[in-house]
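A short write-up of the structure that comes next.
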Number of protein chains: 2
Amino acid sequence: MPKLPNREQLLVWRDFIETTEALHTRMGARLQSDTGLSNGDYTVLLALSEAPHNRVRSSELATLVGWERSRLSHHLGRMEKRGLIRREHCTTDSRGAEVVLSDTGAATFHAATRPHLRAIRELFVDALTPTQLAAAGEIAAALRHHLNPPDA
Amino acid sequence: MPKLPNREQLLVWRDFIETTEALHTRMGARLQSDTGLSNGDYTVLLALSEAPHNRVRSSELATLVGWERSRLSHHLGRMEKRGLIRREHCTTDSRGAEVVLSDTGAATFHAATRPHLRAIRELFVDALTPTQLAAAGEIAAALRHHLNPPDA
DNA sequence: GCGTCATAGTTGACACGTCAATCAGGAGGA
DNA sequence: TCCTCCTGATTGACGTGTCAACTATGACGC
């Protein structure tokens with residue numbers, strides 16, 4: 001007979017999952033209205049801007065941002081249509097694609113950084129005490145470790 | 001000059017938001033394969049099953065689950081097509097609609113409860129120490145309070 | 001009754017995410 | 001070479017979520 005969560009644990013679960021979802025949504029709306037980018041756009045642009053020569057193999061990009069390849073492919077299609085990135089053939093592996101940050105993409109990302117950091121400060125950091133912030137980091141680490149056990 | 005988060009705070013932010021998103025996704029996949037319901041389906045069915053006579057005004061349901069009315073309307077349309085709920089005209093307000101849990105919906109929800117609770121236990125509760133679980137509750141409360149200030 | 005405004009709910013367009021299927025190209029062995 | 005298997009990436013179908021526009025009805029003041 002499997003153990004089931006008790007009433008109090010259930011309340012924490014509901015509160016936690018609903019609040020984090022709301023936080024994600026709110027941050028997305030904020031980013032959208034401040035900068036015209038979605039959460040996904042920002043994630044991709046951030047990873048690209050940190051890569052050498054602003055250029056990454058598609059599958060490696062998927063690993064960097066932690067997305068499935070199909071999701072990334074769809075998203076890159078939308079971003080390419082808006083001129084934020086380009087896709088080029090990979091010279092060393094004809095199957096592969098390289099994703100390149102465009103000038104427009106770099107400029108957009110640069111302009112978006114400050115407003116986004118400000119939003120993180122306002123919606124997340126300012127809501128928590130230093131102790132709570134540290135605890136949030138530990139909780140995230142524990143959850144992540146539990147979801148993706150390193151032994152596998 | 002607005003305060004911006006420092007490096008450490010940013011790391012906590014990224015870890016926190018990505019992990020909670022992954023948790024949400026994982027729970028959705030688990031619920032889907034265990035019971036054929038999505039996260040949204042379960043939320044709606046739970047609210048309906050707790051309502052008197054398994055019947056709620058649409059806008060009240062939106063408040064209960066914390067969704068925008070448009071989102072709820074779309075979701076109810078999909079659930080109605082699958083026979084999980086019905087929509088009936090409201091007798092006291094001709095504009096309104098009442099959402100009713102169908103027998104199919106009730107049975108499906110009932111069958112889904114245990115697997116879902118088990119998943120909550122396994123993916124969330126079991127990942128955290130009692131101290132961390134309590135901290136998660138406090139963090140959620142602080143974030144929620146900050147997002148929706150009661151004075152407004 | 002009649003304007004005016006607010007409220008209940010739906011709709012359409014479009015962005016986002018998942019899944020399964022598909023296609024093309026490398027890698028290795030008989 | 002040819003066959004088989006694996007991998008990189010895209011596609012199509014469909015469920016989900018947001019926003020803005022829209023319909024229809026109630027509520028209030030005159």
Side-chain angles (χ1 to χ4, degrees), chain A residues 18 20-44 56-82 84-100, chain B residues 18 20-44 56-82 84-100:
Chain A
E18 284 175 10
T20 54
E21 201 187 341
L23 178 61
H24 190 259
T25 302
R26 188 75 77 87
M27 187 62 76
R30 175 79 178 260
L31 189 59
Q32 182 74 48
S33 76
D34 282 356
T35 73
L37 295 174
S38 70
N39 277 321
D41 297 336
Y42 191 88
T43 302
V44 169
V56 188
R57 276 291 292 275
S58 183
S59 63
E60 191 187 347
L61 184 54
T63 307
L64 281 175
V65 302
W67 291 359
E68 297 182 11
R69 277 211 306 273
S70 136
R71 174 181 177 185
L72 180 63
S73 187
H74 283 297
H75 206 98
L76 291 179
R78 291 188 292 262
M79 292 181 74
E80 193 169 28
K81 221 182 302 180
R82 293 190 288 150
L84 296 173
I85 56 114
R86 285 192 312 280
R87 280 188 277 199
E88 300 182 352
H89 289 300
C90 177
T91 54
T92 65
D93 185 338
S94 324
R95 293 169 298 181
E98 285 192 330
V99 186
V100 191
Chain B
E18 284 174 10
T20 54
E21 203 186 339
L23 177 60
H24 189 260
T25 301
R26 188 75 77 86
M27 186 63 74
R30 176 80 179 260
L31 189 58
Q32 182 75 48
S33 75
D34 283 355
T35 73
L37 295 173
S38 69
N39 277 321
D41 297 335
Y42 191 88
T43 301
V44 169
V56 188
R57 276 292 292 276
S58 182
S59 63
E60 191 188 345
L61 184 54
T63 307
L64 282 175
V65 302
W67 290 0
E68 297 183 10
R69 278 208 311 268
S70 132
R71 174 180 178 185
L72 181 61
S73 186
H74 282 298
H75 206 97
L76 290 180
R78 292 187 292 263
M79 292 181 73
E80 193 170 28
K81 222 181 302 180
R82 291 190 287 149
L84 296 173
I85 56 116
R86 286 191 312 279
R87 280 188 277 199
E88 299 181 353
H89 288 301
C90 176
T91 54
T92 65
D93 185 337
S94 326
R95 292 169 301 182
E98 284 193 330
V99 186
V100 191

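So that the names make sense, note that chain A is the first sequence line, chain B the second, and so on, each numbered from 1. Everything quoted here is computed from the prediction, not taken from an experiment. All heavy atoms count here, side chains included; hydrogens, waters and symmetry mates do not.
At a threshold of 4.0 angstrom between heavy atoms, the contacts of A:Arg82 with the nucleic acid are absent. Within 4.0 Å of A:Glu68, counting heavy atoms only, lie sugar-phosphate atoms of the nucleic acid but no base atom. Using a 4.0 Å heavy-atom criterion, one finds that B:Ser73 contacts the bases of the nucleic acid, with or without backbone contacts as well.
Here C:dC19 presents its P atom at 11 Å from CZ of B:Arg26, a figure rounded to the nearest Å. Here C:dG9 presents its P atom at 14 Å from CD of B:Glu80, a figure rounded to the nearest Å. Regarding B:Leu72, its CG atom lies at a distance of 11 Å from the C1' atom of C:dT10, rounded to whole Å. Taking atom CG of residue B:Leu31 and atom P of nucleotide C:dT18, one finds them 15 Å apart after rounding to whole Å. In this structure, A:His89 atom NE2 and C:dA24 atom C1' are separated by 12 Å, rounded to whole Å. To the nearest angstrom, P of C:dT18 lies 12 Å from NE2 of A:His75. Between the CZ atom of B:Arg71 and the C1' atom of C:dA8 there is a distance of 19 Å, rounded to whole Å. Following rounding to the nearest Å, B:Ile85 (CD1) and C:dG9 (C1') show an atom-to-atom distance of 13 Å.
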Restricting both atoms to N or O, compile the protein contacts to nucleotides 12-14 of chain C shorter than 3.5 Å, with distance only.
from, atom 1, to, atom 2, distance (Å)
C:dG12, O6, B:His74, NE2, 2.7

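For B:Gly96 against B:Arg57, the heavy-atom pair with the smallest separation is CA-NH2, 3.7 Å. When all heavy atoms of A:Tyr42 and A:Leu37 are compared, the closest pair comes out as CD1-CD1, 4.5 Å.
Side-chain polar atoms of B:Arg71 and B:His74 form no donor-acceptor pair below 3.5 angstrom.
Taking the 5' to 3' direction, DNA chain D first and last meets chain B under 4.0 angstrom from a heavy atom at D:dG15 to D:dG26.
Contact check for A:Thr20 versus B:Glu21: no side-chain heavy atoms found under the 4.5 Å cut-off. Taking 4.5 Å as the limit, every side-chain heavy atom of B:Val99 sits out of range of all side-chain heavy atoms of B:Val44. Using a 4.5 Å cut-off on side-chain heavy atoms (C-beta onward), B:Ser94 and B:His89 make no contact. Side chains of A:Ser58 and A:Arg69 form no contact here, defined as non-hydrogen atoms less than 4.5 Å apart.
When the nearest nucleotides of DNA chain C are assigned to A:Thr92 and A:Gln32 by heavy-atom distance, the more 5′-ward of the two goes with A:Gln32. Between B:Asp93 and A:Ser59, it is A:Ser59 whose nearest contact on DNA chain D lies nearer the 5' terminus. Nearest-nucleotide mapping onto DNA chain D: of B:Lys81 and A:Cys90, the residue sitting toward the 5' end is A:Cys90. Nearest-nucleotide positions on DNA chain C place B:Arg69 closer to the 5' end than the other of A:Gly40 and B:Arg69.
Taking B:Arg30 as the reference, B:Asp34, B:Glu122 meet the side-chain hydrogen bond (donor to acceptor under 3.5 Å, both in side chains) condition, with sequence neighbours excluded.
Here A:Glu60 contributes atom CD and A:Glu98 contributes atom CD; the two are 9.5 Å apart, rounded to the nearest 0.5 Å.
Put simply, the side chain of A:Glu80 gets close to the backbone of A:Arg87: a donor and an acceptor are under 3.5 Å apart.
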